[in-house]
Every structure is written in structure tokens, then in C-alpha cells.
J.: 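Below is a structure I'd like to ask you about.
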Amino acid sequence: MWCGAGRVSDGFFHEGDLVGVLTTQPLDRLLDYKAPEGGCQIGAYVEVPLGPRKVLGVVWGDGRGDWDISKVRSVIRVLDAPPMRAEMQEFLAKAGAYTLTPMTAMLRLATRAPGLSDPPSMRKIYRYGTGQVDRMTPARQKVLAVLEEYGGLAFTLKELAEQAGVGTSVVKGLVSQGAVREEDSPRDLPFPRLDPGLPGKALNADQAAAVETLNTGEGYATTLLKGVTGSGKTEVYLEAVAACLKQGRQALVLLPEIALTSEFLTRVEARFGARPAEWHSGVTMTERRRVWKMVGQGEAQFVVGARSALFLPYRDLGLIVVDEEHDTSYKQEDGVLYNARDMAVLRASLCGAKVVLASATPSLESWANAEAGKYRRVELKTRFGSAVMPDMRAIDMRVEDLPGGRWVSPTLQGEIAARIERGEQSLIFLNRRGYAPVTLCRACGNQIGCDHCDARMVEHRFLKRLMCHQCGETKPIPTTCPSCEAEDRLAPIGPGVERMGEEVSALFPDARVAVLSSDLYGTARQLKAQIEAIADGAADVIIGTQLVAKGHNFPLLTLVGVIDADLGLQGSDLRAAERTFQLMRQVAGRAGRAEKPGLALLQTFQPEHPVIRAILSGDEEGFWRAEAAEREEAGVPPFGRMAGIVLSGPEVGAVFDLGNHLARNDAPLRRVGAQVFGPAPAPIARIRGRHRVRLLVKAPKGVALQQALADWTRPLKLKGDLRLSIDIDPQTFF
Ligand code: ADP
Ligand code: ZN
């Protein structure tokens with residue numbers, strides 16, 4: 001229905017012709033309209049009347065003609081943007097079918113920029129001025145702080161006032177003093193040209209061979225680019241970007257943790273003489289619309305962005321790089337549930353682009369696709385220059401002599417002391433935010449939980465709050481037990497990074513200790529500044545969550561201590577072993593990136609565990625082969641298909657009834673050989689006051705699972721406040 005629905009031969013509709021328009025409104029069909037005066041192209045972005053409103057839409061194909069023709073209204077106008085290309089229509093249709101997402105939601109994903117229907121014009125923008133403020137007020141301070149935070153970026157009046165949380169008159173006041181400058185600017189400026197002809201770095205033999213493979217052949221191909229952190233992968237894929245730009249095509253690099261990419265932008269500028277377009281949550285609304293429009297006009301050659309940058313209207317996309325392709329943040333966990341890595345491959349295959357999946361520790365999916373010959377594979381075996389992978393060892397916590405309430409083993413303590421002595425840095429890794437994961441009442445045994453979720457509140461001493469990591473709810477840290485009302489008997493149990501900071505400071509009173517956790521910094525910019533200061537040597541011991549595992553360069557760092565290497569092994573998650581393996585290898589990769597050799601120490605109670613042994617021995621192929629064999633045996637991804645169904649509602653009985661009803665009426669699933677498990681309470685059985693019940697569907701590879709799921713769930717009538725969501729290829733099980 002959505003794909004190539006009855007195309008007019010030349011793709012042009014004359015005035016009065018019936019067209020089928022896909023809108024962003026939640027309706028389950030195309031709407032018929034008459035083409036406007038002057039006609040319109042298939043794919044045209046249009047404004048159409050819907051009831052009393054005007055809404056955004058795309059001319060998707062012929063109208064159906066099943067409405068009373070006298071009631072069919074006309075398209076109001078065609079927007080000033082190149083029509084959506086057939087390839088993009090097909091991408092949205094296929095991605096929607098794969099993720100079982102309504103097309104209207106897919107279109108929303110593809111038009112996530114404000115003001116697309118505004119006509120092009122001049123507008124006023126605001127940036128830092130040179131004037132002095134004669135009288136500083138808190139409100140004025142806020143405006144200046146926003147301008148400082150976003151560096152040289154310009155804002156519209158409304159955006160600036162909103163970001164600062166003040167009225168527009170405050171901004172105007174600053175303009176009159178010259179502290180803020182008002183300028184006229186065309187709405188959307190093209191991006192500066194990048195020059196792929198500038199010289200890149202001289203590549204070593206491994207890198208040159210890798211570039212050769214990436215750039216071989218015309219059209220679609222996916223290559224897995226594997227190499228330890230610091231082996232020069234970025235340098236290699238920038239050469240693939242250069243080749244793509246030389247052909248006059250557009251390039252896209254997807255990065256996780258997008259807020260922390262200034263280092264990457266600087267490298268692009270050094271290589272190509274200008275910065276790329278950026279697309280992520282930290283980009284202002286005005287800039288988003290500019291990127292969207294310029295990408296469509298081919299006036300942005302190179303985009304660096306978060307996963308949703310995949311849905312921009314590229315004119316001629318020739319390359320998609322997915323850096324850190326195993327990263328879990330590529331899986332969107334709310335709204336449209338898609339995996340950006342898989343969607344990148346889909347999009348590239350439709351537009352004849354190349355894909356580079358770069359990682360030190362690829363996902364098992366990508367590894368298996370390379371093994372099966374679906375992907376090419378290249379490997380950078382050594383670190384660039386003199387740096388080598390660190391020596392890795394386990395600390396057997398069963399024999400370490402450690403008092404209760406302390407987590408740094410004597411062995412680790414000794415190694416840290418030696419580093420401080422030599423002026424080198426150590427990193428203590430613990431993947432737990434906050435001070436303590438549990439607050440226990442010593443009088444009654446109660447553990448303080450969230451009122452809305454089936455989760456315990458985490459103490460955040462820095463913020464002086466208890467926080468639920470599921471729903472974000474916070475409350476003050478109480479002094480009396482909410483259950484038995486005993487006074488002063490509440491005790492923090494277990495460590496978070498804040499508590500580790502306390503312990504390390506007590507062990508080394510003279511050392512400079514820095515705790516790196518996203519919630520300790522007001523803004524991404526502050527966090528970034530702190531990371532840069534640490535890289536320059538501003539701390540002796542760094543304590544961090546998985547935030548530090550991602551790509552930062554600390555040249556003075558020679559020791560990594562993992563406080564609880566067993567933490568990830570406990571989950572019931574099918575990917576627990578894979579995740580632990582990836583995270584530990586990455587964290588270890590932080591040590592010894594410059595000339596000095598590194599050491600990584602893993603505190604564990606299970607040194608014989610196969611995953612811990614694989615991490616220590618560095619036998620990656622061995623680990624993947626064993627892991628693949630186990631999953632193949634169990635018929636789970638990537639050797640079988642899975643889908644997670646989550647039902648939720650305010651009343652647990654009704655949610656279970658619905659789950660049981662689904663489980664009993666599973667004929668559409670059985671027809672394709674799929675099985676359903678459950679219903680069972682979801683691992684987190686309540687979030688934000690909604691009870692959650694889970695069903696899991698397993699199917700052999702190669703069956704039409706989506707169709708079966710659609711047939712299975714379509715007859716359901718969701719009464720009242722019940723919700724159903726389907727997650728194809730679930731990555732997490734919560
Ligand atoms: P990765 O992406 O694998 O972590 P990078 O591409 O960031 O590795 O390279 C690690 C470091 O080595 C960077 O500082 C980079 O500039 C440098 N480097 C990589 N390749 C070269 C090269 N061919 N010549 C000079 N420096 C290089
Ligand atoms: Zn909660």
C-alpha cells in the first residue's frame with residue numbers, strides 16, 4: 001500500500017489531479033487532495049487542510065478516488081524544498097514495515113525540523129556582542145551564559161529567550177547595551193565547502209590497505225572496520241569520506257554520545273578545511289532547519305550526527321559511517337524503535353551508498369555478517385605509532401583483604417599509589433551513577449523504592465536527592481525511614497561513582513580526584529571542558545562510568561582499575577556477556593594510549609568465568625566463536641529472530657488478561673513457526689505507575705515475522721489506558 005502505490009508515469013500531477021498525501025497526523029491512510037494551481041511533483045512537501053488546521057504532508061502517489069469528489073479539497077501550497085526522492089519514500093516504507101511503525105510516524109521522523117513550511121526570508125539573529133553591561137541582573141546573566149555555552153552559535157530571539165528562561169525584553173535590553181548583537185541573516189545559509197583534495201595524513205600499510213578495501217567498487221557495500229582504540233580507524237574512514245566527497249556525493253558519520261564530539265569536528269576541519277553540518281539534540285532549532293534544508297539541496301556535503309540524521313533528505317548520499325557500531329545508544333528505546341546501524345545498511349542499499357561499521361569490539365550481529373560474507377571486513381591490528389594494548393590481569397577478590405564498605409582492593413591501591421608517585425594517571429571504572437544504589441533502613445530492613453516504579457531509589461549525594469533511574473523522579477534524602485519511621489537508621493549500601501570518589505580521596509588525601517559522571521555537570525559543555533582539563537593532567541585519579549569508555553584520549557593514563565567486572569554478567573539479558581566483553585575491552589583501551597605502557601586490572605569474584613577469561617586473554621575471535629555457537633544452539637539473534645511485546649496499563653489484572661489473550665490466540669505466529677513465551681512481569685514490572693507485562697516471540701530466521709506480528713496484534717482492541725509496543729530485535733529486556 002505504501003510502496004510505489006500507483007505512480008503517475010512522469011511523476012507530475014496537473015492542477016486538479018487527485019493526489020494521495022501522507023501527513024504527519026496519526027491516520028492510517030493516505031488522504032486525497034487535488035493538486036494545487038501549477039501542479040505538483042510526486043514527493044513534493046505540501047501544506048494541506050485537515051479539518052480546521054493546516055498540516056505538513058508529502059505527495060505520496062495517486063489519490064484513491066474513493067471520496068466524494070466534491071468534498072476533496074486542494075493542496076494549499078507546495079513548500080520550497082526539493083521533493084522527497086523515490087528512494088527516500090522507499091526507505092521510509094521499508095523501515096516502517098520492518099519496525100512495524102505507522103507511516104505517519106515515519107514521516108514525522110523524516111521532518112523533525114521546525115518551521116519547514118515557513119517561506120524563505122531574512123530574519124534577525126542574536127549572538128555575543130562586544131559591549132559592556134552597565135547593570136548585571138540574574139536574568140541578563142542567564143542570557144549571556146547561554147551564548148557562552150553555545151560558543152559562536154546564533155539564535156533567534158525566541159530561541160535565546162527560551163533557552164535562558166527569560167522574557168524577550170531581557171534580550172532586547174542587552175542588545176541596547178551592545179552586549180548582544182542583533183543581525184539580519186538569510187534564514188538558511190549553505191554550509192562552507194569542504195575540500196577533499198587537501199592532503200590527509202600519511203597512512204601506514206594496514207591503514208592504506210583498509211582504505212583500499214573501503215573504496216573499492218561502485219555502489220552499495222558494507223565493510224566492518226575493526227581495530228583497537230587508537231589504531232587509526234577514524235583516519236581511515238575520513239579517507240572514505242574524502243573519496244565520497246570527491247565523487248560529489250554526500251557523507252554521513254553517525255557517532256554515539258554526540259555531545260562530546262568537538263575533538264571529531266576539529267579533526268574534520270583539519271582534514272577538509274571546514275566543519276561538517278551537525279545534527280543532534282544539542283543543535284538549536286534554527287540550525288536544525290538549516291541542516292534539513294541544506295542537506296536536501298546538496299549544500300551540506302558532510303553531516304555528523306546522532307542516529308536520527310539517517311532520516312534527513314539527502315540528495316545523493318554516498319557513504320554512511322557508523323562509528324562504535326556496537327554502541328547500545330544506536331538503538332532507539334522509545335517512540336519509533338529502530339536500530340540505527342541496521343537502518344543505515346538498509347538506507348545505503350537503497351541509494352547505492354557504502355557503509356563503514358567501525359568498532360574495536362563489533363556487535364555479534366556484525367561479526368556474524370562478516371563471517372557469512374555479507375560484509376567485507378578489514379582490520380587494523382596494531383595501535384598507531386608506539387602505543388600498545390595494555391597488559392590485562394584479574395584481581396581475585398576472594399583472596400583480597402578488604403573491610404566492609406570499601407571497594408578498592410589492596411592490590412589496586414598499590415598500583416594507584418605507584419602511578420601517583422610517577423605523575424601518571426589512573427582510572428577507576430564503575431558503571432554506576434550516584435553515591436549508593438540502595439538506601440536501607442537498619443531498623444526495619446526497608447529499601448527505599450520509587451513510588452511509581454518497581455525500582456530502588458539511588459542516592460545522589462552531590463545533588464542531595466534520591467533518584468529513580470527509571471523515571472527520573474527525585475526526592476530529598478530522608479532522615480527517617482518512610483516505612484517504620486525510625487530516626488537516623490538509614491544507610492547507603494553498595495558503591496556508586498560518587499562514593500568511590502570519597503573512598504579514593506580518603507586513601508590518597510593528597511591526590512587530585514575527579515569524578516566523571518554525566519549528572520555531576522550542569523551541561524555537556526562543562527563536562528567536555530572537564531574532560532579536556534583531565535586529559536591535560538588536571539587529575540591524578542579519575543573515577544568514571546561508561547561515559548569514559550567512549551573515545552576520549554587521556555595521554556597520561558597508564559592504569560585502569562575495574563571495580564566490579566562481574567556487574568554486567570548477572571543480567572538475564574542475552575547480550576550480557578557480549579556487553580561485558582565490549583565494555584571491559586574498551587575501558588582497558590583507555591590505558592597506555594601514548595608512549596607509556598598501560599595496565600588494566602579487573603576486580604572479580606569469578607576469575608574463571610569464560611567471559612572474564614576471554615577478556616583477559618584478548619582472544620577475541622575465540623570469544624565470538626564461542627558466543628556465536630551458543631546463540632546458534634539457542635536459536636536466538638543473530639541466528640534466529642526475536643520480538644519483544646510490552647503491554648502496559650494502570651491495572652495489573654487488565655494488563656495480564658490482555659497478555660493471556662494474546663498468548664492463547666497465537667495462530668498467526670504458529671503459521672510461520674514462531675513461538676510466544678509469557679506473559680510474564682517485565683524485569684521492571686512498573687514504570688511511572690504503569691504495570692508492565694512482557695511477551696517474547698521467537699522465530700526462525702528468514703520467516704515473515706513482521707507480517708505475522710501484525711496479523712496477530714491487529715484484531716486487538718486496546719481498551720482504556722492499555723498500551724502495546726512491539727520491539728523488533730530487542731536489545732535490552734526491561
Ligand atoms: P581510532 O579511531 O581507531 O581510535 P584514531 O584514528 O583516532 O584511532 O587514531 C589514533 C591517533 O593516532 C590519533 O591521534 C590520530 O591522529 C593518530 N593517527 C592515526 N593514523 C595516523 C597517521 N596515518 N599518521 C599520523 N597520525 C595518525
Ligand atoms: Zn521511578
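Both ligands and their constituent atoms are indexed starting at 1 by order of listing.
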J.: Within 45° of the axis and under 6.0 Å from the centre of the six-membered ring of Phe191, does NZ or CZ of Arg290 qualify?
T.: yes
J.: Among the heavy atoms of Asp323, does any lie under 4.0 Å from an atom of ligand 1?
T.: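 In this structure, Asp323 fails to qualify as a contact of ligand 1 - no heavy atom is under 4.0 Å.
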J.: Parallel, tilted or perpendicular: which describes the rings of Tyr237 and Phe264, with under 30° parallel and over 60° perpendicular?
T.: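 Judged by the thresholds at 30° and 60°, the geometry between Tyr237 and Phe264 is tilted.
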J.: When you compare ligand 1 with Gly227, is there at least one nitrogen or oxygen pair between them that comes in under 3.5 angstrom?
T.: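 No: no nitrogen or oxygen of Gly227 is under 3.5 Å from one in ligand 1.
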J.: Would the number of heavy atoms belonging to other residues, nucleotides or ligands and lying under 6.0 Å from CZ of Arg613 be above 12?
T.: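 It does not: Arg613 CZ has 12 such atoms or fewer within range.
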J.: What part of Ala202, side chain from CB on, backbone N/CA/C/O, both or neither, has a heavy atom under 4.0 Å from ligand 1?
T.: backbone
J.: How about Glu365 and Arg341: do any of their side-chain heavy atoms sit closer than 4.5 Å?
T.: yes
J.: What are the atoms of ligand 1, with element, lying closer than 4.0 Å to any heavy atom of Val228?
T.: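 Going through ligand 1 atom by atom, the ones under 4.0 Å from Val228 are 3 (O).
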J.: Compute the shortest N/O to N/O distance between Asn204 and ligand 1 and return yes if it is under 3.5 Å, no if not.
T.: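 For ligand 1, there is no N or O atom that lies under 3.5 Å from one belonging to Asn204.
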J.: Please work out whether the ring planes of Phe581 and Trp624 are parallel, tilted or perpendicular, with thresholds of 30° and 60°.
T.: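 The arrangement is perpendicular - the two ring planes meet at more than 60°.
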J.: Nearest heavy atom to atom 20 (N) of ligand 1: which of Arg271, Glu324, Gln207 does it belong to?
T.: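 Answer by nearest heavy atom: Gln207.
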J.: Could you work out, for atom 7 (O) of ligand 1, the closest of Glu235, Arg267, Lys233 by heavy-atom distance?
T.: Arg267
